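I have placed the structure first, in the form of C-alpha cells, so that the comments after it can refer back to it.
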Amino acid sequence: MRPLRLIDPLVYLDHAKAIKSGFASSIFTCNQLIHLYCNHGLVKDAHKLFDEIPHPNVFSWNVIIMAYIKARDLTKARALFDSAPHKDLVSYNSMLSAYVGADEYETDALDLFTTMQSARDTIGVDEFTLTTMLNLTAKLRMGCYGEQIHSYMMKTANDSCKFAVSSLIDMYSKCGSFHEACNVFSGCIGTVDLVSKNAMVAACCRERKMDIALSVFWKYPELNDIVSWNTLIAGYAQNGFMEKSLALFSEMIENGIGCNEHTLASVLSACSGLKWLKLGKCVHAWVLKNGYNSNQFINSAIVDLYCKCGKNRCAESVYEGIRIKSPFAAASLISGYSSQGNMAEAQRLFDSLTERNSVVWTALCSGYVKSQQSKAVFKLFREFTTTEGLVPDAMIIISVLGACAIQATLRLGKQIHAYILRMIFNMDEKLLSALVDMYSKCGHIIYAGKTFQLVPDSDRDAILYNVMIAGYAHHGFEGEAIQLFQEMLKKSVKPDAVTFVALLSACRHRGLVELGEQFFISMQEHYNVVPEIYHYACMVDMYGKANKLEKAVEFMRKIPIQIDATIWGAFLNACQVSSNTELVKQAEEELLKLQADNGSRYVQLANAYATEGKWDDMVRIRKKMRGKEAKKLAGCSWIYVDNDTHVFTSGDASHSKVDAIYSTLVCLNGKLYLSSTELKQLYDIQGDVVEGIF
DNA sequence: CTAGGGTTAG
C-alpha cells in the first residue's frame, strides 16, 4: 500500500473509473482503492465504491469502517460495524480503539470489550485488544483494572511484545505506580525497544525524577529519536528546569536531530517561564516560517509567552490571528488578563467563547481567586457543575478551595473536601496544599494539621510545608511552626522566601524578637534566601509590636533596598505604638510620597494623630484625603448562621441582637491570650465536632 | 503470499 501513496491520487481516480467500467475489478484492488480514497478524506466516494462491490469481504467491511473512524464519525462507523455480516477480531479492535481514542466514549469501549469476552460471542481478545484496553485504563487512571489486564496478559503470554511493554509502562506511570512501571521496564533490559524506553523516560519525568530520566535517556544513546529528545526537553520544562530544557534543545539541534512542533511547544514554554522574550520571538518566527502556526499547542504557548513577558497587546494580536481557535489559547490569554488584575477583560473573553474546556474555566476561576473575588468563583463553579453539567477536576477544585480560604467559608470547604473523597481524586501535593491552606485560613488548624499528616513524608514539598508553617504561625503555634521547619530541613526540602515570611510572622505575632532576628540572619547566611520587601516589613513590624522603636529605626537604616510603602507602613505602626511624634511625621511624608492614592494610608495617619490628640493634624490629613478622593474600605468580619451571613464592622451597632453579641464579646475578651496548650485544647474541641471527615 | 487493528513526547 505504501508506495501507492507517492503517486498522484488522480491516477487512481482514473483507475476507479476503469474498475467501474468493468476492468481490473478484483476485490483486492477495490479494497485498496477504498483505502486510498479515505487517505485523501474522500469518505463519500469511498462509500460509493464500497456499495458497488458485489460481494464485499471482511477486508472491505473493515476498510470502510476504518474510513468513518478516521473521519471521526463513530456513530456511522458503529452502524456499519453492527450491520456487517463478516466481522473478525480486526473489526472489533478497530471499533474498540476508536472508542478509546475519542472523548466520552469510555462506556462504549467497556461495553464492547465485555461483548468480546462474552460466552455467546466467539470473537475473544488478542494482544491488540489488550494493549488498547491498557490505553483506556491509563486514560481513566484506573490502575486496578490495568493491573488485572496485566495479569491476564501474563497468563496468556501477551506481556512481552514491544507494544505490550510500552503500554504497560505508560499505564502504570499514568496511574501513579511508578515502581511497577520500573519493574516492567527492567524486566526487558537487554532487549529494549525505542518506544518502551521513551515511555520510561516520560514516566520518570512525570515523577520529577529527572536524574533517572537522564540516565535512561543516555543508556542507549543509539536508540534515541526525536521523541526521546522531546520527552526529556518537555520533562525539564514541566518540572521548572527551563535552562536545562533549552540547553538540551541546543544539543539536539547540534546533533542534527532536528525538531518538530512538540519540541517548539516545549521550548516556547521554557521561554515563557524564563521570560526570555528574545529567544521566544525567534521561535515564534521559526514557527511562522515552517508553517507550525495551525498547531493548537504552539499557538497557546505563543500567546502565553507574550502574556508572561507583559506584552498583552502582542498576545491579543496573536490570538486574533489564530484561524481555528482552541480553548487552550483562550485560557492563556485569560490568565494573562488575570495576572494584570483585568478581570473584566478576562470575563469578556470567556463570555465570547463558543468552546470552553475545563482549562478555560480554571483559568477564569483562578483569576478571580487572585483578585480576591471569591463570590465570582463560587458563581462560576456553580455554573460549571450545574448549568454546564461538567465534572470538576483537581485544578478547578484547587481554585474553589482558594476562594473558600479567602472568604473563610469552612462549610463549603468541607463540602469540597467530601467531594474530593467521594470522587477518589488522585490527591497530589497541590490539592493537599490547597486543602491544608483552606482549613488553616478557615480557622481549623487542627484539620489543617491532620490533612498535612495524610501526605506521605516523601511527597511533602516546599509549598506544602510553607502552607502548614504559615498556618501554625497565624494561629499562634510558633513551636509547631518551628518544629515543622526543622522537619523540612531534615528531609532536605529547601526553604524559600515564603517559608521565612511564615517563620518571621510567627515571631512577630508572638513577640519573639530574638528568634526572629536569628531567622532573619540565618535565612541569608545558611539558606541563601535574599530578603524581600515583606521580610523587612515583617521585621519592622515585629520590633514595633514588641515596643522596640530604637531597634526598628536601626533596622530601617540598614535596609539595602528601596524602602516601599509596606515597610513605611510597618514603621509608622511602630512609631504609633511608641507614640513618637517626630518619627510619625517623617514616616508620613515618605508614605504619602509613595502612595498618594491609597486611602488606607491617610486613615492610618489620621488615626496616628488622633491617638496623640493632635486634632489639627488629623483634620489636615482627612482633608488631604478628600482632596485626592481616596477611599478606605472598612474592614469587616462575618459569620454564617443558619444559611445567613451576618456582617460586622468596627463599632457597628446595627445588628438586631447587638446587646447579646457585645456581652458575649466581653466574655470572650477575658479568654484571650491563651497559652499555646490552651489554644490547642480549644481548637481540639472544635475539631471533634466534624471529626468524621478524616 | 499479498490488504485491515495496538505503543512513546504537549
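The chains referred to below are lettered A, B, ... by the order of the sequence lines, with proteins before strands, and numbering in each begins at 1. When reading the values below, keep in mind they use all heavy atoms of this one structure, side chains included, and skip hydrogens, waters and symmetry mates. This one's a predicted model, so the numbers in the text were calculated from it and none came from an experiment.
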How long is the line joining CD of A:Gln238 and C1' of B:dG10, in whole Å? 7 Å

Have a look at A:Cys205 and say if it touches a base, only the backbone sugar-phosphate, or nothing, with a 4.0 Å heavy-atom cut-off. nothing

Can you measure A:Tyr99 atom OH to B:dG5 atom C1' for me and round it to whole angstrom units? 15 Å

Name the one of A:Thr132, A:Asp126, A:Thr131 that satisfies side chain to side chain donor-acceptor pair (under 3.5 Å) with A:Thr129? A:Asp126

In numerical order, the residues of residues 244-270 of chain A whose heavy atoms come under 4.0 Å of DNA chain B are A:Asn260, A:Glu261, A:His262

Does OP1 or OP2 of B:dG10 have a side-chain N or O of A:Gln296 closer than 4.0 Å? no

What is the distance from CG of A:Leu223 to P of B:dA9, rounded to the nearest Å? 17 Å

Establish, yes or no, whether the cationic atom of A:Lys281 lies under 6.0 Å from the six-membered ring centre of A:Tyr306 and within 45° of the ring axis. no

Mind checking whether A:Phe350 and A:Trp361 have parallel, tilted or perpendicular rings, split at 30° and 60°? perpendicular

A:Ile65 CD1 to B:dA3 P: how many Å, rounded? 19 Å

Tell me which residues in residues 298-309 of chain A lie within less than 4.0 Å of DNA chain B, going by non-hydrogen atoms. none

Check whether the side chain of A:Asp88 and the base of B:dG4 form a donor-acceptor pair under 3.5 Å. yes

Let's see if you can work this out: which of B:dG4, B:dA9, B:dG10 has an atom nearest to the side-chain heavy atoms of A:Val90? B:dG4

Nearest-angstrom distance from the residue atom CE of A:Met116 to P of B:dG6: 13 Å

In terms of relative ring orientation, are A:Phe328 and A:Phe297 parallel, tilted or perpendicular, with 30° and 60° separating the classes? parallel

Testing A:Glu180, A:Glu147, A:His150 for side chain to side chain donor-acceptor pair (under 3.5 Å) with A:Tyr172, which one passes? A:His150

For the side chain of A:Asn198, starting at C-beta, report the closest nucleotide among B:dG5, B:dG10, B:dT8. B:dT8

side-chain contact (heavy atoms from CB on, under 4.5 Å) test vs A:Cys365 passes for just one of A:Ile334, A:Ile396, A:Val360, namely A:Ile396

Are A:Phe50 and A:Trp61 close enough, and set up right, to give a ring pair (Phe, Tyr, Trp, His ring centres under 6.0 Å), and what steps lead you there? CA-CA 8 Å; A:Phe50 174 78; A:Trp61 281 100; 4.9 Å; yes

Between A:Leu112 (CG) and B:dG5 (C1'), how many Å, whole number? 12 Å

Please tell me whether A:Trp229 and A:Phe249 form a close aromatic pair, meaning their ring centres lie under 6.0 Å apart. no

Before giving the answer on side-chain hydrogen bond (donor to acceptor under 3.5 Å, both in side chains), spell out for A:Asn224 and A:Lys197 the whole-Å C-alpha distance, their side-chain angles and the decisive distance to 0.1 Å. CA-CA 9 Å; A:Asn224 283 339; A:Lys197 179 189 137 154; 2.5 Å; yes

Please report the distance, rounded to the nearest Å, between CD1 in A:Ile169 and P in B:dT7. 15 Å

Hey, does A:Val63 reach any base, or is it just sugar-phosphate, or nothing, if we go heavy atoms under 4.0 Å? nothing

Compare the minimum distances between each of B:dG4, B:dG6, B:dG5 and the side chain of A:Asp126, then state the nucleotide with the smallest one. B:dG5

Is A:Asn57 touching bases, backbone alone, or none of the nucleic acid, heavy atoms closer than 4.0 Å? base

Of the candidates B:dA9, B:dG5, B:dT7, the side chain of A:Leu89 sits closest to B:dG5

Using OP1 and OP2 only, check whether a side-chain N or O of A:Asn230 sits under 4.0 Å from B:dG10. no

Quick one: does A:Ser166 reach the base of B:dT7 with a side-chain donor-acceptor pair under 3.5 Å? yes

I want to verify a distance call: between B:dG5, B:dT8, B:dG6, whose nearest atom is closest to the A:Thr132 side chain? B:dG6

Between CG of A:Asn239 and P of B:dA9 the distance, given in whole Å, is 15 Å

What do the steps show when you test A:Tyr92 against A:Phe113 for ring pair (Phe, Tyr, Trp, His ring centres under 6.0 Å), and what is the final call? CA-CA 9 Å; A:Tyr92 278 85; A:Phe113 182 61; over 10 Å; no

Out of B:dG10, B:dA9, B:dG5, which nucleotide sits closest to the side chain of A:Met66? B:dG5

Pair A:Ser91, A:Asp88 - check side-chain hydrogen bond (donor to acceptor under 3.5 Å, both in side chains), show working. CA-CA 5 Å; A:Ser91 334; A:Asp88 62 2; 3.0 Å; yes

